[in-house]
Each structure stands twice: as C-alpha cells, then as structure tokens.
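First the structure, in the form of structure tokens, and then the observations on it.
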Protein chains: 2
Amino acid sequence: MEAVLTAAVALLDEAGQSALTFRALAARLGTGVGTIYWYVSSKDELFDRATDHAVGAILTAVEEQPQSDDPIADLREMAITLFDAMMDRPWLAAYFMRNTDVQGHSLRLYEKLGQQTLRLDLTPRQRFHAVSAIVGVVVGTAADLGAELPQEVLNGEVNRVEYLSRYAESWRRLDAATFPFVHEIADEFAEHDDRDQFLAALELTLAGLRLQAETP
Amino acid sequence: MEAVLTAAVALLDEAGQSALTFRALAARLGTGVGTIYWYVSSKDELFDRATDHAVGAILTAVEEQPQSDDPIADLREMAITLFDAMMDRPWLAAYFMRNTDVQGHSLRLYEKLGQQTLRLDLTPRQRFHAVSAIVGVVVGTAADLGAELPQEVLNGEVNRVEYLSRYAESWRRLDAATFPFVHEIADEFAEHDDRDQFLAALELTLAGLRLQAETP
DNA sequence: GTCTTCATCGAACGACGTTCTACTGTCGAA
DNA sequence: TTCGACAGTAGAACGTCGTTCGATGAAGAC
C-alpha cells in the first residue's frame, strides 16, 4: 500500500496527471494491474490516497510553523505554504479536500486553518466561509497553474515567457477602443508571476476578513 | 458548425462533461465522428468552442446590466451573474478563459470586468490582480460544485442534504479536542448553500479591493 | 493433508480520442 | 460534356485507458 502510493506520487511528479495509469503504475511496481485494484477500488480513490499521501508532508510543515499573536498572519503563512507545495505539484490542486473520508491529512490541514479563525471574533458561519474562501483562493489559483501550459511544459523554461508574450501580443492587436482594459493589462500579463498573482488575491481576501473581524 | 456546438452544449447540459464524446455527439447529429473532426481539430478545441458558445449568452446578460456609480457594486453584479450561469452549467467552469484565441466571448467578459477596475484608483498591476482574483473566486467555487457530487446527482434532490449530513456526522464523530473547528463547522456545513458560500468569498475579496482603492 | 484466507496476476471487455482512406456532391475550366 | 479540384461526409481501424474476472500461488489453522 505504502509502496503503491509513493510510486503513484512519483509518477505524478514526473509527468503529471495523465502519466498516472494503472498499467504504468503496475509496470513501475513490477506487478500486475489486478494487484493495484486489491489495494484501491478505483482510479478516483487512487488519486485521493495519493493526494493525501502528499498532503501529509505539507501538514507537518504547517504544524511546525510557530504561532504568532496575529491569527490572520498565521493564516497567510499557512496558505502560502500550501500554495508553494501545490506549485511544485500542480496535480495536488485537482484532488485536495475532495473526499475527507480518505484524505485524513487534508482534513487535519483544514482544521489547522480553521483553528486560526477561532481566535477571531466571528460567527461560526463566518468562520466556515472564511476558511472556504482561503482554501478556494489557494486551490483555485493552483488549479489554473496545473492546466495552463498545453505542451510547452515539455520544452525548456524559456517557453513560458514566449507563450505569455505571444498571448500578450495577440491582445495588443485587439481594437484599443473596445478593449481598453485588456490593452492596459497586456504588459502585466506578459510578465506576470503566478505566485504574485496568488499573493495579491490572498491579500484581498485576508484584508476583507480582517475588516469583518474588526467590525462588530 | 453552429449545429455541432449547440448539440455539444446540449449533451453537456444533460449529463455533464463525461457525456460529451465524439461518438455521442455524432449520433445526436446523425453523422459520423470524422465529420466533427472536420470542424474541430481536437476534443480540447471542441470544449473551448462549446464553452465560448455558452459564454455568449452570459456576455449579453452582463452587457445589459445597467452601470451604477459604484464600480465595485457593478463588479459584484457581474460576478454573481457569471456564477449563477455556472451553477446551471457546472462544466463551464472547467474551460472558461482557458484559450482566449478561441474564446472570444470569454475575453469580452474579462474585458467587461476589467473596465470596472479602470474606474478605480489602482495601478495596472493592481487592476490585473483584482480581476484575476474575482474570476478566481467565481471559477474556483463553481469548479468545486461541478465535481462535488459523485453519483448522487443521478438521484433526486433529497440526496444532496443527505450526502452533506452524512459528512457532517462523520465529522462530529471526530475527537472534539483535536478537531474543535471541524466540530464547530459541522452544522454549518450540513446546511450550507453553495451560493451563500460564493457570495461570502466574493464579499471578502471585494471588501479588500475597496480598501485597496481607497487607501493611497 | 486439506481448507480458508490473503494476495497476485494478466487476458479480456468496452469505451474513448484520433487517424485514415474512401466516398459524395458541386461547380468552374476545358 | 467531360474532368478535376475541392468542400464535406462517413465509418472502420488503431492504440490506450479503466475496470472485471477467473485462475493461481502462498501460508497458516485444524
């Protein structure tokens, strides 16, 4: 079981979601496909378990983070740790928190985030919505990343900026009168950093949350 | 071409992403699979075009919305319209804005949102990040919705609350000392409404944005 | 020695995306 | 009228995938 999961994670790390097939996994483990079905009842469950296996490492990293006197700062720190881990493993975003029966680590991580909101002056509902919003920002941004690049991931690192500039240029070619915003944005988009984009979105949510916690 | 797209959208509406196959589409149109490949070069492109086809209707709805004197209120209105459309068609979230070369309507919608930020006192980068964050909240929440229910969608409407309560109960069975947050949340989760959850997340982001636009 | 249980294996099935070749109709040039 | 170019159509065929199933081994219990 343990071996199955680490092999599955290795396949996902090496070549992404599409590389994790029962045949490839069986070949890597030197067994037959039927054997894997003895440990796992479907591909969805395989994904769930592999995801939770990887989340385990994130969880310990989050648990080692020292707690400050500002719950919102702690939430930021946790969200960033989670996001960074998902940048390394874009496939994580697609299955994170999808089935907490199987994903015990994910649930613990969710709990960890939620505990910070317990230190804020909020209603239970507000707390629930706050954590959902934060997880949404992390997973939403990371999920985009995972599916963004079509085939350019196979080539060198340079292709990303080239890919973005090609897009930016096609945007600049649009009529400036009907697309004023896209024009203004094109340069930003060409040089944009996914992590900055995530941090900005997170900051907006956290600012809103702080406001909510401070106003009676 | 037009017929292909409307048939594709119909299939997606009736039974979700997995129902849109080249064979099913061909059968519905009374043609062969090869014919569809004459109009569209891959399944990704089919999804992109079908998505943009559906976004067209959303775009006109958004364009008919009257403009108020508060750009942030207008942003809220647009985001809600987009989200509501995606609740009807959860498959939309997975492909929205994925390839603006093909998705002209999506780009126009993006532009529409961006134009509201032009009325705010922000830097271009802040505008870019703001629109990305808002689209992220909409698409992120809607994407969750689309993949949330495993087989329960096949049955009646009652199964959703049953499904949620089963989860909530398994959460309540956890140790109260190590899972204080999950315990507090369980009731909220059992009765939670996806739209409310989205509105709360949106409100946090918009509050943060308003703060950002007001502080020099 | 036999029974039961845990575990392994890979052939086989059906569905999928995609490719390929053959076919039909239409229409301007000769 | 004939002919070839060309826009569309059609479906068999290929390889890959998730999943199922019955056969097979291994190892302790009685």
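Just so it is clear: chains get the letters A, B, ... in the order the sequence lines come, proteins before strands, and each one is counted from 1. These numbers come from a predicted model, not from an experiment.
For Tyr167(A), the side-chain hydrogen bond (donor to acceptor under 3.5 Å, both in side chains) criterion is met by Asn99(B), not counting sequence neighbours. With sequence neighbours excluded, the residues satisfying side-chain hydrogen bond (donor to acceptor under 3.5 Å, both in side chains) with Thr81(A) are Gln65(A). Partners of Asp74(A) under the side-chain hydrogen bond (donor to acceptor under 3.5 Å, both in side chains) rule, at least two apart in sequence or in another chain, are Ser68(A), Arg119(A). Annotation: side-chain contact (heavy atoms from CB on, under 4.5 Å) contacts of Met97(A) (sequence neighbours excluded): Thr100(A), Ser106(A), Tyr110(A).
Under the 3.5 Å distance criterion, the side-chain polar atoms of His183(B) are left unmatched by any main-chain donor or acceptor of Pro180(B). No donor-acceptor pair closer than 3.5 Å links the side chain of Gln116(B) to the backbone N or O of Leu75(B). Looking only at distances, no side-chain donor or acceptor of Ser41(A) sits under 3.5 Å from a matching main-chain atom of Tyr37(A).
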- request: Evaluate the side chain to side chain contact (heavy atoms under 4.5 Å, CB included) criterion for residues Phe198(B) and Met87(B): first the C-alpha distance (whole Å), next the side-chain angles of each, then the deciding distance (0.1 Å), finally the verdict.
  value: CA-CA 11 Å; Phe198(B) 159 71; Met87(B) 280 198 78; over 6 Å; no

- request: Please assess Phe96(B) against Leu109(B) for the test side chain to side chain contact (heavy atoms under 4.5 Å, CB included), listing each intermediate value before the final yes or no.
  value: CA-CA 10 Å; Phe96(B) 179 68; Leu109(B) 195 49; 4.1 Å; yes

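Taking the charged nitrogens against the carboxylate oxygens, Glu203(A) and Arg76(A) do have a contact shorter than 4.0 Å, which makes a salt bridge.
Contacts between residues 40-52 of chain A and DNA chain D, defined by a heavy-atom separation below 4.0 Å, involve Ser42(A), Lys43(A), listed by number. Taken residue by residue, residues 12-29 of chain A places heavy atoms nearer than 4.0 Å to DNA chain D at Leu20(A), Thr21(A), Phe22(A), Arg23(A).
Within the structure, the salt bridge (charged side-chain N to carboxylate O under 4.0 Å, His left out) test picks out the following pairs touching residues 39-50 of chain A (sequence neighbours left out): Glu45(A)-Arg49(A). Applying the salt bridge (charged side-chain N to carboxylate O under 4.0 Å, His left out) rule to pairs touching residues 24-39 of chain B yields Glu14(B)-Arg28(B), sequence neighbours excluded. The salt bridge (charged side-chain N to carboxylate O under 4.0 Å, His left out) pairs that include a residue from residues 174-189 of chain B are Arg125(A)-Glu188(B), Arg127(A)-Glu184(B), Arg172(B)-Asp187(B), where partners are two or more places apart or lie in different chains.
Overall bending of the helix from dT2(C)-dA29(D) to dA30(C)-dT1(D), expressed as the angle between end axes built from five pairs apiece, is 30° (10° steps).
Contacts between chain B and DNA chain C, taken as any atom within less than 4.0 angstrom of a protein heavy atom, begin and end at dC16(C) to dT19(C).
At least one test fails for Arg166(B) against the ring of Tyr163(B): distance under 6.0 Å to the centre or angle within 45° of the axis.
What you find for Val131(A) and Gly114(A) is that their closest heavy atoms are CG2-CA, 3.7 Å.
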Under 3.5 Å, which N/O atoms of the protein pair with N/O atoms of nucleotides 9-11 of chain D?
from, atom 1, to, atom 2, distance (Å)
dT9(D), OP2, Tyr39(B), OH, 3.0
dG11(D), N7, Gly34(B), N, 3.4

